[in-house]
Amino acid sequence: MTSPQLLPLGPAPRPTSGDDLAARLRALAVRAAGPGVTGLDRAQVRAELDGADVASLELDLTGVAFGAQQKAPGVEWSPATVVSREEGTVRRLRVDAHPLTAVDLPVDVLVEAAGLRFAWVEGSDGQVGFEPVEPDDAHPVTGQASVAVSRAGLVATVHGLLAVSLQSQGITLSDLDVQIDSHGPRAAGLRIEAKIRKGFLSAGVSATASASIDAQMVLTVGDVRISSGNPLVAALLGAVRGRVEAAANQRHDLAAALPPGIHLSDVRLDVGEDLVITARLG
């Protein structure tokens with residue numbers, strides 16, 4: 001069994017007002033973020049306490065940016081002795097970002113959850129913190145989350161990341177087009193057309209895939225193909241093609257992969273100018 005993760009909130013006693021808790025959470029986020037995260041000074045935190053419970057906690061991360069590479073400092077807290085421990089519940093959590101930026105890609109986020117358990121912990125070092133408590137079937141977490149990105153922004157970000165990755169192998173990515181088609185609320189097809197160049201060799205590469213989620217929340221990946229009209233490039237892709245196409249017809253039980261107390265009841269993909277993924281728990 002792993003030891004519980006304790007996160008520090010500063011000097012004891014524990015917060016007795018929503019404003020105090022909000023200030024401590026903001027300070028903890030700044031410490032934990034590391035140099036790759038900017039804009040936390042603009043984040044808004046609002047909290048309301050009710051005894052040991054957090055009646056509501058609202059986080060607005062609009063304007064926060066996460067870089068591609070970051071090494072966040074550890075903020076775990078390990079008191080020599082735990083003096084007191086009292087369990088509580090975050091009855092209502094809401095996280096907004098309209099948008100935040102992840103590796104130069106604006107992402108619109110909305111998360112609402114209820115029933116998140118935790119414990120207030122006071123240590124012999126005069127500090128206080130909290131310990132996340134895993135949900136179980138008797139104490140489930142409910143809520144929903146949605147993430148939206150623009151199709152054009154997603155393609156541009158994928159192009160940039162892929163170009164950097166290929167460049168390290170001496171390959172230049174000269175063009176990239178990504179097409180995502182909706183085949184219903186839980187199914188989509190993906191087609192990628194790329195042009196690459198290495199030395200005197202230039203060729204186009206095509207890749208396709210499809211994915212669908214059934215009513216039991218089982219994800220099936222199919223129609224995975226990678227090819228090139230250039231025979232030499234096609235031969236070079238042989239080893240890669242085998243590994244990629246092996247992903248075809250794989251089934252992944254999303255609901256079974258979650259821990260007890262977290263039940264995935266629905267997932268939806270909406271494809272338009274924006275790509276919107278919505279998930280519901282409970």
(request) Grab the two heavy atoms, one from G88 and one from D53, that are nearest each other, plus how far apart they are. (result) CA-OD1, 3.5 Å
(request) Give the intermediate values and the outcome of salt bridge (Lys or Arg N to Asp or Glu O under 4.0 Å) for residues D136 and R117. (result) CA-CA 10 Å; D136 54 35; R117 302 165 66 209; 3.6 Å; yes
(request) Say whether, by atom type as modelled, one donor and one acceptor occur between the side chain of S228 and the main chain of G204 under 3.5 angstrom. (result) yes
(message) Counting only heavy atoms from other residues, nucleotides and ligands, does the tally under 6.0 Å from CG of D214 exceed 12?
(response) yes
(message) If I compare all heavy atoms of I262 with all of P135, which pair ends up nearest, and what's the gap?
(response) CG1-CG, 3.7 Å
(message) Tell me the closest heavy-atom pair linking G123 and P79, and the distance in Å.
(response) CA-CB, 3.8 Å
(request) Would you indicate whether the side-chain heavy atoms of V103 and F66 approach each other to under 4.5 Å? (result) no
What donor-acceptor contacts under 3.5 angstrom involve side-chain atoms of residues 272-281, with partners at least two apart or in another chain?
{"unit_1": "R280", "atom_1": "NH1", "unit_2": "Q144", "atom_2": "OE1", "d": "3.2"}
{"unit_1": "R280", "atom_1": "NH2", "unit_2": "Q144", "atom_2": "OE1", "d": "3.1"}

(message) For T38, give me all partners under side-chain contact (heavy atoms from CB on, under 4.5 Å), at least two apart in sequence or on another chain.
(response) A65
(message) Would you say that L61 contacts D96 through its side chain, given a criterion of any heavy-atom pair below 4.5 Å between the two side chains?
(response) no
(message) I'd like to check V147 versus V107 (side-chain heavy atoms, cut-off strictly below 4.5 Å). Are they in contact?
(response) yes
(message) Consider side-chain contact (heavy atoms from CB on, under 4.5 Å). Of V128, V83, L9, V82, which one does V121 pass it with?
(response) V82
(message) Show every ring pair (Phe, Tyr, Trp, His ring centres under 6.0 Å) that has at least one partner inside residues 98-132, sequence neighbours left out.
(response) F118-W120
(message) Has S210 got a side-chain atom pairing as donor or acceptor with G222's backbone, closer than 3.5 angstrom?
(response) yes
(message) Check whether S265 reaches the backbone of G282 with its side chain - one donor and one acceptor, N or O, closer than 3.5 Å.
(response) yes
(request) Spell out, as yes or no, whether a donor-acceptor pair under 3.5 Å connects the side chain of S182 to the backbone of G184. (result) yes
(request) Verify, without hydrogens or angle tests, whether R46 (side chain) and E58 (backbone) share a donor-acceptor contact under 3.5 angstrom. (result) no
(request) Return the minimal non-hydrogen interatomic distance between V141 and G115, and the atom names on each side. (result) CG2-O, 3.7 Å
(message) Does atom CZ (R197) have a neighbourhood of more than 12 heavy atoms from anything else shown, all under 6.0 Å?
(response) no
(message) Is the shortest side-chain heavy-atom distance between L173 and H159 below 4.5 Å?
(response) yes
(request) Would you indicate whether E87, at its atom CD, is surrounded by more than 12 heavy atoms from other residues, nucleotides or ligands within a distance under 6.0 Å? (result) yes
(message) Can a donor-acceptor pair be found, under 3.5 Å and without considering hydrogens, that links the side chain of T101 to the backbone of D104?
(response) no
(message) A side-chain contact here means heavy atoms from C-beta on lying under 4.5 Å apart; do I213 and L254 qualify?
(response) yes
(request) Provide the closest heavy-atom pair for S206 versus E193 in the form atom of the first, atom of the second, distance. (result) OG-OE1, 2.6 Å
(request) Answer yes or no: is there a side-chain heavy-atom contact under 4.5 Å between Q5 and E76? (result) yes
(message) Test your reading of the model: is there a side-chain donor-acceptor pair from R151 to the backbone of I180, 3.5 Å cut-off?
(response) yes
(request) Identify the two heavy atoms, one from V218 and one from R251, that lie closest to each other, and give their separation to 0.1 Å. (result) CG1-NH2, 3.5 Å
(request) Indicate yes or no: at least one non-hydrogen side-chain atom of R24 is less than 4.5 angstrom from one of L28. (result) no
